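Just so we're clear, the structure is a prediction, and the values are computed from it rather than from any experiment. Every number for a ligand or one of its atoms is a count from 1 in the order of the listing.
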Amino acid sequence: MIPKLVIANWKMAIDRASVSQFLNEWEASHIPSDVTALIAPPALFLSDIKDITGAALCAQDVSAHELGAHTGEISAQMLSEFNCSHGLVGHSERRLAWNESNALVAAKARRLEASGICPVICVGESKDVRDSGDAESVVAKQVLASAEGLVSAPVIAYEPIWAIGSGEAATPKIADSMHAAIKAALSARFDEPTSVLYGGSVNEANAGDFLACESIDGLLVGGASLKAASFTNICQSVGDRR
Ligand code: 13P
């Protein structure tokens, strides 16, 4: 069975004392063998969690530049020196607040790939697009443009914007259908199958329903990943699919 990928995206919602508390409460042995758990901390805290067992490290973002005079930026090479196996790009919070285009997201994804880090490209539609009935074609286009120039299939995280932090998760049916559309769009572009994660108001109560869907290869979890017990329970809900 291919392990499900479950990523904790801590965003900028945690301080150093809470990171320590998370580590004290984290029991690596409680993560099922058919789950690959990843933690995406603020970059400043990568060194605090670098020795964690039972979870790999994921970056929250990366510079589109390789190296040089780019104040405040963090390169893919630096992230690889901190053993990040994966890196998020194109989170809707960045697309919206920093006007990140698909072209910029693709440039960042290529930087990660060139440094041996697997890009996790975030995509998702607004409420207006969902209501218009065009969500799947809009997201399929976003996926293809954001994966432009990659050699290997990235991981995709489908995060409908209306579901992020709203307490209103998509239904597994909506996610299942979108994931099939994303996989179909990328099958023409890459030889290998693409993993597609779901994100948006995932919690301990609904994680098992998502993980039970064949087309959902894992989860990207925000608020419910900040506490070790809650994130562990989400990882353990993979058992609900057996
Ligand atoms: P929430 O789980 O807090 O809705 O956040 C989802 C998200 O944006 C993860 O990247």
**Residue and atom name of the nearest protein heavy atom (relative to atom 3 (O) of ligand 1), distance in Å to one decimal** = G223 N, 2.9 Å
**Message:** Does the residue S201 have a heavy-atom contact with ligand 1, meaning some pair of atoms that are separated by less than 4.0 Å?
**Reply:** yes
**Asked** Would you call E100-K108 a salt bridge at under 4.0 Å N-O?
**Response** yes
**Asked** Shortest non-hydrogen contact from S237 to G208?
**Response** OG-N, 3.5 Å
**Request:** Can you pull out the closest protein heavy atom to atom 5 (O) of ligand 1? Residue, atom name and distance to 0.1 Å, please.
**Result:** K11 NZ, 3.3 Å
**Request:** Measure the distance from atom 9 (C) of ligand 1 to every protein heavy atom, then report the residue, atom name and distance (to 0.1 Å) of the closest one.
**Result:** E159 OE2, 2.8 Å
**Message:** Pair W10, F22 - check side chain to side chain contact (heavy atoms under 4.5 Å, CB included), show working.
**Reply:** CA-CA 11 Å; W10 287 350; F22 185 101; 3.6 Å; yes
**Asked** For ligand 1, which part of N9 has a heavy atom less than 4.0 Å away: the side chain, the backbone, both, or neither?
**Response** side chain
**Asked** Are D34 and K4 ion-paired here, with the side-chain N under 4.0 Å from a carboxylate O?
**Response** no
**Prompt:** Any chance the side chains of D15 and S18 put a donor and an acceptor closer than 3.5 Å?
**Reply:** yes
**Prompt:** How far apart are the C-alpha atoms of E159 and H91, what are their side-chain angles, what is the distance that settles it, and do they pass the side chain to side chain donor-acceptor pair (under 3.5 Å) test?
**Reply:** CA-CA 8 Å; E159 298 203 301; H91 195 285; 3.1 Å; yes
**Asked** Which ligand 1 atoms does G222 reach within 4.0 Å, using its non-hydrogen atoms?
**Response** 1 (P), 2 (O), 3 (O), 5 (O), 6 (C), 9 (C)
**Request:** Mark up the atoms of ligand 1 that fall under 4.0 Å of a heavy atom belonging to G165, in ascending order.
**Result:** 1 (P), 4 (O)
**Complete:** Atoms of ligand 1 under 4.0 Å from any heavy atom of H91, numbered from 1 in the order shown, are 7 (C), 8 (O), 9 (C), 10 (O)
